[in-house]
2 protein chains.
Amino acid sequence: MSRTPHHPTREQIELPMVLDCLSDPIRLAIVYQLAQQERVSSELCCGDFNGLSGKSNLTYHFAKLRECGLMLTRVAGTNRFMRLRREDLDARFPGLLDAVISSAARDADRLQLVAECEVVKAE
Amino acid sequence: MSRTPHHPTREQIELPMVLDCLSDPIRLAIVYQLAQQERVSSELCCGDFNGLSGKSNLTYHFAKLRECGLMLTRVAGTNRFMRLRREDLDARFPGLLDAVISSAARDADRLQLVAECEVVKAE
DNA sequence: TCAATAGTTCAATAAACGTTGAACATAGGG
DNA sequence: CCCTATGTTCAACGTTTATTGAACTATTGA
């Protein structure tokens with residue numbers, strides 16, 4: 001069925017929505033994991049986050065992240081590949097994403113974030 | 001009645017709570033206004049925000065901002081003077097507050113934030 | 001072609017949220 | 001001493017939120 005799901009344009013990205021999206025622990029963990037993945041310039045798909053919650057709940061959080069402009073979803077067969085909208089976010093809110101991610105990294109224990117090595121999949 | 005209201009310690013300040021607090025447009029406007037006031041190193045009291053909402057609703061938002069560690073309230077007579085917890089926030093989440101405030105400033109129109117000159121009270 | 005895989009949709013639920021107004025508390029100035 | 005100004009508390013409300021499980025769709029590989 002569904003072609004490419006809806007994404008807001010860069011200009012449509014709103015600060016309060018982005019902050020609200022990042023304020024949920026599960027979504028923050030997703031964003032953090034996507035940020036780690038940026039370093040090896042590959043994408044992650046839904047299944048890579050199964051540790052965080054159930055599938056239907058993740059679908060809900062992915063939709064929020066997409067609709068507020070934090071991430072981009074690309075449909076490929078039965079998979080949906082996701083990555084951060086790094087360029088758009090840095091253009092709209094310079095330094096914000098990095099500050100959030102490095103703050104999250106400092107509190108990784110408290111936030112129960114996965115360690116880096118666990119994120120990058122072995123291939 | 002109430003002596004100094006409760007504030008979390010620096011270490012108790014949590015990233016998701018801070019982001020959630022900043023995601024509300026009224027609270028973001030309050031924080032923005034407090035940030036402008038930092039420049040003249042003075043404080044603001046509740047009444048200075050009456051343009052944003054009704055008094056009891058502001059009390060509610062002030063409590064949220066206090067409890068999540070974003071601001072400090074000092075009781076003086078019948079007034080409550082407030083300021084950002086700049087040092088604590090910069091220590092816990094380096095760059096975050098500045099990124100949020102400058103992002104808000106860029107979107108001042110959209111977010112309906114008061115202009116700088118209106119914030120600093122004439123004396 | 002069939003079965004397994006990957007993910008979505010939908011309805012239901014409980015909790016948290018933002019907003020309002022009325023009643024209350026407290027301090028300071030005439 | 002009272003009156004006013006400043007701000008809080010409380011209950012009520014309608015809305016939005018996160019979470020769950022069951023049913024569903026669609027693609028792929030054997």
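Below, chain A is the first sequence line, B the second, and so on; all start at residue 1.
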Checklist entry - So what does Y60(A) touch, heavy atoms closer than 4.0 Å: a base, only the sugar-phosphate, or nothing? => result base
Checklist entry - Starting at CG of N57(A) and ending at P of dT9(C), how long is that distance when rounded to a whole Å? => result 15 Å
Checklist entry - What nucleic acid atoms does L58(B) come within less than 4.0 Å of, heavy atoms only: base, sugar-phosphate, or nothing? => result nothing
Checklist outcome for this item: Per nearest nucleotide of DNA chain C, the residue lying toward the 5' end, T78(B) or I26(B), is I26(B)
Checklist entry - So, for C68(B) and P8(B), which heavy atoms are closest and what is the spacing to 0.1 Å? => result C-CG, 4.2 Å
Checklist entry - To the nearest angstrom, how far is M17(B) atom CE from dA16(C) atom P? => result 11 Å
Item to check | From OG1 (T73(B)) to CZ (R80(B)), nearest 0.5 Å | outcome: 8.5 Å
Next on the checklist: Just verifying a value: how many Å separate S103(B) OG and L96(A) CG, rounded to the nearest 0.5 Å?
Outcome noted: 5.0 Å
Checklist outcome for this item: Taking dG7(C), dT8(D), dT20(C) as options, the one with an atom nearest any side-chain atom of T59(B) is dT8(D)
Item to check | d(CD, E43(B); P, dT6(D)) in whole Å | outcome: 17 Å
Checklist entry - Which nucleotide sits closest to the side chain of S56(A): dG7(C), dC10(C), dT8(D)? => result dC10(C)
Next on the checklist: Any base atoms under 4.0 Å from N79(A), or only sugar-phosphate, or nothing? Heavy atoms, all strands.
Outcome noted: sugar-phosphate
Checklist entry - How many Å lie between CZ on F81(B) and P on dG7(D), as a whole number? => result 8 Å
Checklist entry - Using a cut-off of 4.0 Å on non-hydrogen atoms, how would the nucleic acid contact of G54(A) be classed: base, sugar-phosphate, or nothing? => result nothing
Checklist outcome for this item: Separation of dG7(C) atom C1' from F49(A) atom CZ, nearest Å, is 14 Å
Checklist entry - Under 4.0 Å between a side-chain N/O of K55(A) and OP1 or OP2 of dT20(D), yes or no? => result no
Checklist entry - In whole angstroms, how far is the P atom of dT19(C) from the CZ atom of R27(B)? => result 8 Å
Item to check | Euclidean distance, atom CD1 of residue I30(B) to atom C1' of dG7(D) [Å, nearest integer] | outcome: 14 Å
Checklist entry - Taking only side-chain nitrogens and oxygens of H61(A), does any of them come within less than 4.0 Å of OP1 or OP2 of dT19(D)? => result yes
Next on the checklist: Check D107(B) with R92(A), please: is the shortest side-chain N to carboxylate O separation under 4.0 Å?
Outcome noted: yes
Item to check | Rounded distance (Å) that lies between atom C1' of dT19(C) and atom CZ of F62(B) | outcome: 15 Å
Checklist entry - Under 4.0 Å between a Lys/Arg side-chain N and an Asp/Glu carboxylate O for D90(B) and R86(B)? => result yes
Checklist entry - From dT17(D), dG7(C), dT8(D), pick the nucleotide closest to the side chain of C46(B)? => result dT8(D)
